Amino acid sequence: MLFSRITSRSSDNNTFFRAGRRSPWYMVAFGMVGASISGVTFVSVPGMVIYSDMTYLQTCLGFILGYFAVAFVLLPVYYRLNLTTIYSFLGQRLGVRSYKTGAWFFLLSKMAGAAIRFSIVCLLLSEALAPLFPSIAPTIKLLSPLLLVSLIWLYTRRGGIRTLVWTDTFQTVCMLTALLLIIYNVVIDLGLTPLEAISSIAADSHNRVFVFDDWLSSQNFWKQFLSGVFIVIVMTGLDQDMMQKNLTCKTLRDAQKDMCTYGFAFVPVNLLFLSLGVLLMMWYGKQGMPLPVKGDTLLPQYILSSTSYLVPIVFSVGIVAASFSSADSALTALTTTYCVDIRGRVDDEQLRRRVHLCMALVFALIIIGVGLVGSSSIIDTIYVLCGYTYGPLLGLFAFGLFTRRRVRDKFVPHIAVASPVLCYIIEEVVAATTSYHFGYELLMLNGVLTFAGLVSISLPQEQPYIRCRQQR
């Protein structure tokens with residue numbers, strides 16, 4: 001049977017998928033900070049200050065509560081059932097089609113989202129090398145994704161998640177060091193001391209954090225805070241990529257300490273990114289330069305304008321570290337989900353090696369495709385589609401955790417597809433008929449629609465967990 005096969009595994013695959021559950025929790029916690037911050041975050045968060053001040057911190061405060069929910073609601077379930085992948089829970093609780101649906105939604109969204117995020121570092125490398133080799137610049141643009149993805153494949157192909165626990169720690173050190181050095185350089189360019197810089201940020205008109213008075217604003221505190229809670233629950237607690245490292249801790253208590261620790265760490269780290277944005281705006285004003293139209297270019301334009309040759313190097317190290325830390329874990333999680341959830345062959349080492357290689361190739365091809373298209377509208381569309389796929393996962397897990405109703409498993413894929421479509425229709429109708437515009441709360445709406453759809457096709461009889469005892 002599918003679920004009984006999932007409980008058996010070879011030692012090599014156990015290392016690749018779960019690191020033998022021997023990872024020190026503090027190493028996992030520190031490494032997860034870097035794994036959760038991609039190159040997109042490194043570039044985008046400072047630019048948020050231009051149009052929304054420092055209100056993103058409201059979302060980060062919601063992250064803390066979200067991480068506590070994951071630590072004390074989801075992790076106990078995952079450890080009690082001794083899961084290799086979190087989507088196995090859906091198979092035990094709801095049925096095989098629910099299980100496969102959750103796994104496929106994760107595969108599609110993670111592959112597209114991770115590839116787009118990693119395309120930033122590939123673009124950075126190709127643009128840095130193109131002036132040195134102008135005759136082969138187009139070739140460099142095509143080869144850089146293959147080169148970088150091949151590097152990730154090489155250092156993850158044997159150790160898998162065990163390797164990532166240690167590489168993420170190193171990458172997080174590089175990312176945070178780069179961030180601090182860039183902030184220090186901006187402070188020096190402004191002619192300020194560190195204490196004067198802190199005072200200037202506190203006195204700046206863009207230091208606003210909380211918005212309580214405007215309910216229609218997408219920056220309203222309760223919208224941002226609650227969205228932050230559910231973003232973490234869905235994009236961490238229901239995401240195999242983010243949870244796989246946490247499931248390598250020795251005990252549930254260690255995993256909970258890890259989750260809570262790096263949950264708190266997000267506030268000071270993002271405060272540093274936003275403070276950098278405020279300092280950069282001061283620098284633009286001092287130079288008499290207009291602020292960029294797109295916030296994402298606030299930091300890159302400063303890097304290009306800097307007279308210090310170290311700043312571009314530091315920036316490159318930071319964005320490469322952030323991008324590698326998120327891409328390598330995504331590749332490992334994609335391999336794990338396909339082998340365990342889709343194929344149900346957790347003990348097949350040859351399959352795991354072939355799938356890992358194929359995932360790397362597909363990953364590189366998507367990055368190349370994004371670079372060739374070069375359309376921000378298409379990239380934005382893919383990001384929106386990736387966001388919509390997490391709503392059904394939220395609804396599926398909520399139904400499985402908080403009800404004991406027996407779902408009609410064969411209808412679950414239809415509900416999971418219909419919910420994002422209906423969510424999109426509601427968003428368009430509301431935007432056309434009212435002044436209200438949905439933000440991150442679309443995730444919650446999507447989850448509610450999925451949950452309601454599952455209730456409508458369910459039966460009241462209790463459906464106990466399948467083979468829980470065998471997996472403990």
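These numbers come from a predicted model, not from an experiment.
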N/O donor-acceptor pair under 3.5 Å between [X] side chain and [Y] backbone:
| X | Y | result |
| --- | --- | --- |
| Q224 | Q58 | no |
| K100 | D341 | yes |
| T55 | S52 | yes |
| R93 | G400 | yes |
| S88 | T85 | yes |

Partner set under salt bridge (Lys or Arg N to Asp or Glu O under 4.0 Å) for [X], not counting sequence neighbours:
| X | value |
| --- | --- |
| R353 | E349 |
| R208 | D53 |
| D168 | K245 |
| D204 | none |

Between atom [atom1] of [X] and atom [atom2] of [Y], what is the distance when rounded to the nearest 0.5 Å?
| X | Y | atom1 | atom2 | value |
| --- | --- | --- | --- | --- |
| E427 | L422 | CD | CG | 12.0 Å |
| Q240 | L83 | CD | CG | 9.0 Å |
| W222 | S227 | CH2 | OG | 12.5 Å |
| L331 | K110 | CG | NZ | 12.0 Å |
| L271 | L276 | CG | CG | 11.0 Å |
| N270 | Y56 | CG | OH | 5.0 Å |

Between [X] and [Y], is any pair of side-chain heavy atoms under 4.5 Å apart?
| X | Y | value |
| --- | --- | --- |
| F264 | F68 | yes |
| L74 | L401 | yes |
| C339 | D348 | no |
| N446 | L394 | no |
| M243 | L75 | yes |
| C249 | Q256 | no |
| V407 | V455 | no |
| F399 | S458 | yes |

Exercise. Should the ring pair F397 and Y87 be called parallel, tilted or perpendicular, given that the plane angle runs from 0 to 90° and is split at 30 and 60?
Worked result: perpendicular

For this session: Give me the ring orientation class for F212 and F210: parallel if the planes are under 30° apart, tilted from 30 to 60°, perpendicular past 60°.
Result: parallel

Exercise. Within a reach of under 6.0 Å around OH of Y51, are more than 12 heavy atoms found that belong to other residues, nucleotides or ligands?
Worked result: yes

Exercise. Can you tell me if CZ on F72 sees more than 12 non-hydrogen neighbours from other groups inside 6.0 Å?
Worked result: yes

For this session: Show your working on side chain to side chain contact (heavy atoms under 4.5 Å, CB included) between L180 and Y184 and close with a plain yes or no.
Result: CA-CA 6 Å; L180 291 173; Y184 178 75; over 6 Å; no

Taking all atoms of both residues into account, what is the closest heavy-atom pair of [X] and [Y], and its distance?
| X | Y | value |
| --- | --- | --- |
| F30 | T169 | CE2-O, 3.6 Å |
| I86 | L238 | CD1-C, 3.3 Å |
| V49 | L274 | CG2-O, 3.4 Å |
| A115 | I367 | O-CG1, 3.4 Å |
| M32 | N246 | CE-ND2, 4.0 Å |
| P392 | F105 | CG-CE2, 3.6 Å |

Would [X] and [Y] count as a close aromatic pair, with their ring centres under 6.0 Å?
| X | Y | result |
| --- | --- | --- |
| Y67 | Y262 | yes |
| Y99 | F89 | no |
| F230 | F225 | no |

For this session: Test side chain to side chain contact (heavy atoms under 4.5 Å, CB included) on V412 and L94 and set out the steps.
Result: CA-CA 9 Å; V412 170; L94 302 179; 5.7 Å; no

Problem set entry | Evaluation steps, side chain to side chain contact (heavy atoms under 4.5 Å, CB included), between F315 and I182 | CA-CA 7 Å; F315 173 72; I182 292 173; 4.1 Å; yes

Exercise. Under 3.5 Å, is there a donor-acceptor pair between the D328 and T156 side chains?
Worked result: no

Exercise. When you check the gap from the basic side-chain N to the acidic O, do R97 and D409 get nearer than 4.0 Å?
Worked result: no

For this session: Report the C-alpha separation of F451 and L396 in whole Å, then their side-chain angles, then the decisive distance to 0.1 Å, and conclude whether the side chain to side chain contact (heavy atoms under 4.5 Å, CB included) test is met.
Result: CA-CA 7 Å; F451 186 92; L396 282 166; over 6 Å; no

For this session: May I have all residue pairs that pass salt bridge (Lys or Arg N to Asp or Glu O under 4.0 Å) and include part of residues 265-275, sequence neighbours excluded?
Result: none

Problem set entry | All pairs passing salt bridge (Lys or Arg N to Asp or Glu O under 4.0 Å) where residues 257-270 contributes a residue, at least two apart | D254-K257

Exercise. Do you know which of T336, T332, D239, T337 makes side-chain hydrogen bond (donor to acceptor under 3.5 Å, both in side chains) with Q244?
Worked result: T336

